[in-house]
> 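Dumping the structure here so I can ask a few things about it.
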There are 2 protein chains.
Amino acid sequence: MLSDRSARLGEGVGDLSRNVRSRTRREILDAASGLFAVAGFKGTSLQDIAAEVGCSKATLLYHFDGKDAILVEMLAPAVGAFGVLDRQLAGLADDTVQLAAVKGYVDLVLSFRREVTVLHGDIPGLLRHPALADVQGMVDRLLDALASRSPDPSAQVTALMVLGAIPIVCMKPVAMNDDELRDVLVRSAAGALNARGA
Amino acid sequence: MLSDRSARLGEGVGDLSRNVRSRTRREILDAASGLFAVAGFKGTSLQDIAAEVGCSKATLLYHFDGKDAILVEMLAPAVGAFGVLDRQLAGLADDTVQLAAVKGYVDLVLSFRREVTVLHGDIPGLLRHPALADVQGMVDRLLDALASRSPDPSAQVTALMVLGAIPIVCMKPVAMNDDELRDVLVRSAAGALNARGA
DNA sequence: GTCTATAGAGGGATAGAC
DNA sequence: GTCTATCCCTCTATAGAC
C-alpha cells in the first residue's frame with residue numbers, strides 16, 4: 001500500500017473530477033506538512049490546518065482518523081522510499097555498502113525535504129510513534145551501512161555524524177540546484193567518513 | 001548574570017543549608033532538563049516535572065515565572081558559553097577561524113549535552129523563543145566561521161553539515177570517553193570541510 | 001515555601017443538521 | 001462532504017489556606 005500511494009504521487013490530468021475525496025485529502029496533507037515543517041507536529045493544531053485549507057476541523061476528521069493519521073499518511077511515501085533503500089543496502093557487501101548508503105541517503109533526503117524537515121523537527125516524539133516503529137530499525141541499519149558494518153566505535157560515531165549532517169540542509173535555503181547540492185553532500189560526507197582513519 | 005549563574009555550577013559544600021530556594025530551583029531544573037531531553041519541551045507538562053521532583057505544580061510556579069522561564073534558565077549556561085565562543089571567533093582572522101570554530105563548537109556541545117539535546121529536539125519551536133533571540137544570530141556567525149567566512153555556496157553547505165553533524169552524538173550513547181570522542185568529531189568535521197575542494 | 005482547588009484557554013474528537 | 005455546536009480532557013497559571 002505504501003508503493004501504491006507513492007505511485008500515485010505523479011498522477012496526471014486524467015481523473016481529476018472523479019473523486020473529490022482524493023483532492024481534498026491531498027490539500028489537507030499539503031497544508032499539514034507545511035505547518036508541521038515550520039511549527040512542528042505538536043506545535044500545529046487541527047485548527048491551524050483547517051484554517052490553512054479553508055475548512056473546518058470536522059472536515060479534517062472526516063477524511064482522516066485523527067491528527068496522527070494525517071502525520072502518518074503524510075510521511076508514508078518517504079517511509080516507503082526509505083524501506084526500498086533499506087532493502088537495497090541489505091543486499092550489498094561490506095566493502096561497497098558505505099558509498100551506496102551515502103548516495104542513497106542523500107537522494108532520499110533531497111527527494112523528501114519536507115518530510116525530513118518534519119521528522120527532524122520533533123525527533124523525540126515522532127520516532128516513538130507506533131506507525132513509525134520500523135523507521136527506527138531502518139535508521140539503525142543505515143547507520144551500520146554508513147559505518148561499513150564495522151564495530152569500531154569511531155566508525156559508528158562518524159556514521160552518526162553523517163546521519164545528522166544531511167537533513168539539516170533541508171532547513172536553511174541554499175543557493176544551489178539539487179544536482180550541485182547532491183554532489184557537495186556526497187563529497188563532504190565521504191570526506192568525513194574517510195578522515196576517520198587519516 | 002549568565003556568567004554569574006554558570007560560575008555557580010561548580011558550587012562546593014559551603015553554604016548548602018543557607019537558602020533552600022536555590023536547592024529546590026536546581027532540583028526543578030535538573031528534572032525539567034531530563035524530561036525535556038527525552039520528550040521535548042512541548043511534550044513535557046508542568047505535572048510531569050512536578051511528579052519527577054516530588055512536589056506540586058504550584059511549587060514550580062512559585063520558583064519560576066512560568067514554564068518558559070524554566071526552559072530559559074535551564075539553557076542559560078549553555079547560551080552564555082555559546083556567547084563566549086561567539087566573541088572569541090569574532091576576533092580571529094579568516095584563515096584561522098574555521099579550525100577554531102570546529103574545536104570550540106565540539107567542546108561546547110560536549111560540555112552541554114543535555115541542553116543541546118533539548119534544543120535539538122524542538123528546533124522549530126525553541127529558536128523562535130524571544131529569550132533565545134540572540135542564539136539565532138550566534139548560529140549564523142558560527143556557520144560563517146565554519147565556512148572560513150567564504151561566500152562560496154559549497155563552503156556554506158559544508159558548514160551547515162558540520163553544524164548538524166556534531167549535536168547528534170548527544171542523542172545516542174557511544175562507547176567512547178569524551179577525549180576520544182572530541183578527537184573523532186574534530187577530525188571528521190575537518191575531513192568534511194576539506195573534502196569540499198578535493 | 002508548599003499545598004489543594006480552581007479558573008480559563010485550547011486541544012482533539014464526536015453528534016447531528018444540512 | 002461539509003458545517004456548527006458541543007463534549008471532555010489536558011494544559012498553564014492563579015488564589016488562598018496552611
Side-chain angles (χ1 to χ4, degrees), chain A residues 15-33 35-36 38-75 118 121-122 124-126 128-132, chain B residues 15-33 35-36 38-75 118 121-122 124-126 128-132:
Chain A
D15 48 0
L16 274 186
S17 60
R18 231 227 335 252
N19 52 354
V20 186
R21 191 165 176 270
S22 299
R23 217 175 78 74
T24 307
R25 282 173 70 92
R26 207 153 330 167
E27 283 178 9
I28 293 171
L29 290 174
D30 259 27
S33 66
L35 291 169
F36 289 166
V38 307
F41 177 68
K42 282 198 270 283
T44 303
S45 70
L46 292 182
Q47 203 127 24
D48 295 332
I49 302 171
E52 180 89 358
V53 174
C55 68
S56 71
K57 286 192 289 178
T59 298
L60 303 182
L61 296 167
Y62 168 80
H63 288 282
F64 296 91
D65 286 342
K67 192 188 177 189
D68 283 16
I70 298 179
L71 175 77
V72 169
E73 183 152 339
M74 189 207 104
L75 294 178
V118 172
D122 191 2
L126 296 189
R128 262 180 202 73
H129 199 288
L132 274 53
Chain B
D15 48 0
L16 274 186
S17 61
R18 231 230 333 255
N19 52 354
V20 186
R21 190 162 177 274
S22 299
R23 218 174 76 74
T24 307
R25 283 174 68 92
R26 207 153 331 168
E27 283 178 9
I28 293 171
L29 290 173
D30 259 26
S33 66
L35 291 169
F36 290 165
V38 307
F41 177 68
K42 281 199 268 285
T44 303
S45 70
L46 292 181
Q47 200 127 23
D48 295 332
I49 303 171
E52 180 90 358
V53 174
C55 69
S56 72
K57 289 186 288 178
T59 299
L60 303 182
L61 295 168
Y62 168 80
H63 288 282
F64 297 91
D65 286 343
K67 192 188 177 188
D68 284 16
I70 298 178
L71 175 77
V72 169
E73 183 152 339
M74 191 207 102
L75 294 178
V118 173
D122 191 2
L126 295 188
R128 262 180 202 73
H129 200 290
L132 274 54

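Note on naming: letters A, B, ... go to the chains in the order of the sequence lines (proteins, then strands), and numbering restarts at 1 for each one.
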> If the condition is side-chain contact (heavy atoms from CB on, under 4.5 Å), which residues does A:A51 pass it with, not counting sequence neighbours?
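If we apply the side-chain contact (heavy atoms from CB on, under 4.5 Å) test to A:A51, skipping adjacent residues, there are no hits.
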> Which letters describe nucleotides 3-18 of chain C, given B = protein heavy atom under 4.0 Å from base, S = only from sugar-phosphate, - = neither?
BB------SBBBB---
> Would you say B:Y62 reaches C:dT2's phosphate, i.e. side-chain N/O to OP1/OP2 under 4.0 Å?
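For C:dT2, neither OP1 nor OP2 has a side-chain N or O of B:Y62 closer than 4.0 Å.
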> Within the 4.5 Å heavy-atom criterion, are B:V53 and B:T59 side-chain neighbours or not?
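B:V53 does not reach B:T59 side chain to side chain.
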> Whole angstroms only, please: what is the CD1-C1' distance between B:I28 and C:dG1?
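Value for this atom pair: 11 Å.
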> Just jot down the side-chain contact (heavy atoms from CB on, under 4.5 Å) partners of B:A69, sequence neighbours excluded, or say none.
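B:A69: side-chain contact (heavy atoms from CB on, under 4.5 Å) contacts with B:F64, B:D65.
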> Under the salt bridge (Lys or Arg N to Asp or Glu O under 4.0 Å) test, which residues partner B:K67, sequence neighbours left out?
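Counting only residues at least two positions away or on another chain, B:K67 forms no salt bridge (Lys or Arg N to Asp or Glu O under 4.0 Å).
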> Quantify the bending of the helix from C:dG1-D:dC18 to C:dC18-D:dG1 as the angle between its end axes, each fitted on five pairs, to 10°.
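Inter-axis angle at the ends, rounded: 10°.
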> Taking side-chain contact (heavy atoms from CB on, under 4.5 Å) as the definition, give me every residue that meets it alongside A:A58, ordered by chain and number, with sequence neighbours left out.
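With sequence neighbours excluded, A:A58 shows a side-chain contact (heavy atoms from CB on, under 4.5 Å) to A:S56, given in chain and number order.
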> Please enumerate all residues that pass side-chain hydrogen bond (donor to acceptor under 3.5 Å, both in side chains) together with A:E27, with sequence neighbours excluded.
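Partners of A:E27 by the side-chain hydrogen bond (donor to acceptor under 3.5 Å, both in side chains) criterion, ordered by chain and then number, come out as A:R23.
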> Could I get the full list of side-chain contact (heavy atoms from CB on, under 4.5 Å) partners for A:D30, not counting sequence neighbours?
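For A:D30 there are no side-chain contact (heavy atoms from CB on, under 4.5 Å) partners, ignoring immediate neighbours.
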> Tell me the ring-ring contact (aromatic ring centres under 6.0 Å, His included) pairs involving residues 42-61 of chain A, sequence neighbours left out?
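Qualifying pairs, neighbours excluded: none.
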